[in-house]
Amino acid sequence: MTQEDIVVVAVDGSAASHNAVRWAANTANKRGIPLRLASSYTMPQFLYAEGMLPPQELFDDLQSETMEKIDEARAIAHEVAPELKIGHTIAEGSPIDMLLDMSRDVTMIVMGSRGLGGLSGMVMGSVSAAVVSHASCPVVVVREDNTVDETTKYGPVVVGVDGSDVSQKATEIAFAEAYARGAELVAVHTWMDMQVQASLAGLSAAQQQWEEVEREQIDMLTERLQPLTDAHPEVQVRKVITRDRPVRALVENSEGAQLLVVGSHGRGGFKGMLLGSTSRALLQSAPCPMMVVRPENV
């Protein structure tokens, strides 16, 4: 099936979900594409006992309750973008199945999160992990405290660059987001990773030698960004090269940002500048919405 240029946001009626709807509506509006509100309901399995189907009235009630959440989300989205074209999808069953199925054919999935407490409602715990880890398109996680306001709605798009292929894909998407939003792009590269440490084995930590490595990292970052800066001359780019931990560097540079974009290497966790628990730390501590891009997101 041909991919549809559309933003999908998971709706569950929570405050975190409402914040995700606001962010998704703003994003769809800036991109000039439609928004689709997606929600699901689950029929208790014991009602299917002995081959009996649940009464139709129960289906009707569950669908009606879910539709109320959709209507509430539509009103919130239209407050952000009154002219935005909005559709919806309601499914019975697992929200994981619904969102992963939709991810095959859309631009991005947006989900709400309560932050340290885990992702909320229909997008809580294992649902969030499954969608972020297995979606066929980029997934944006918007925490309840990632408020879109006057100090952030015009902020930059931040991307983590670690030299990998998936990082390059994330950078391409970050350029497209920055262009659509008329925003500055901040490319953050940290070089205290295992590869650099190994290359420094046997060398003293004299400042001159650190500066030499830093110049090499600047040249590498410039080389990787050059094709994209040439393709998007209207996007203002700021490069940040720092000898720091990836989480701290990305969190600091995401203050006041519209979006943080990072590349993930799949089920094994984040690789390169985003190893292991770094992904979880960023999803919980990034001061702005965070987009996860995987190798399959092509």
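For this chain, numbers begin at 1 and follow the sequence in order.
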Keeping [X] on the side-chain end and [Y] on the backbone end, is there a donor-acceptor pair under 3.5 Å?
| X | Y | value |
| --- | --- | --- |
| R143 | A286 | yes |
| T107 | V7 | no |
| S103 | A135 | no |
| H88 | L37 | no |
| Q168 | R224 | yes |

Q226 CD: over 12 foreign heavy atoms closer than 6.0 Å: yes

Measuring from [X]:[atom1] to [Y]:[atom2], what's the distance to the nearest 0.5 Å?
| X | Y | atom1 | atom2 | value |
| --- | --- | --- | --- | --- |
| E65 | D60 | CD | CG | 11.5 Å |
| M67 | R74 | CE | CZ | 5.0 Å |
| M220 | D162 | CE | CG | 8.0 Å |
| L185 | L225 | CG | CG | 7.5 Å |
| D145 | S113 | CG | OG | 8.0 Å |
| I70 | T89 | CD1 | OG1 | 8.0 Å |

Salt bridge E79-R22, side-chain N to carboxylate O under 4.0 Å: no

Sole candidate of V80, V9, N146, V142 that passes side-chain contact (heavy atoms from CB on, under 4.5 Å) when paired with W23: V142

Any donor-acceptor N or O pair under 3.5 Å, side chains D244, T190: no

Partner set under side-chain contact (heavy atoms from CB on, under 4.5 Å) for E234, not counting sequence neighbours: Y179, H232

Let me have the donor-acceptor pairs involving side chains of residues 250-261, under 3.5 Å, with sequence neighbours excluded, atom names and distances please.
unit_1	atom_1	unit_2	atom_2	d
N253	ND2	A249	O	2.8
S254	OG	L250	O	2.7
Q258	OE1	K30	NZ	3.1
Q258	OE1	R181	NH1	3.0
Q258	NE2	K153	O	3.2
Q258	NE2	G155	O	2.8

Test log, rule side chain to side chain contact (heavy atoms under 4.5 Å, CB included), inputs K85 and L35: CA-CA 6 Å; K85 183 179 178 182; L35 177 68; over 6 Å; no

Test side chain to side chain contact (heavy atoms under 4.5 Å, CB included) applied to V262 and M290, step by step: CA-CA 8 Å; V262 296; M290 175 174 155; 3.4 Å; yes

Verdict with supporting geometry, D12 and S39, side chain to side chain contact (heavy atoms under 4.5 Å, CB included): CA-CA 6 Å; D12 67 10; S39 193; 5.6 Å; no

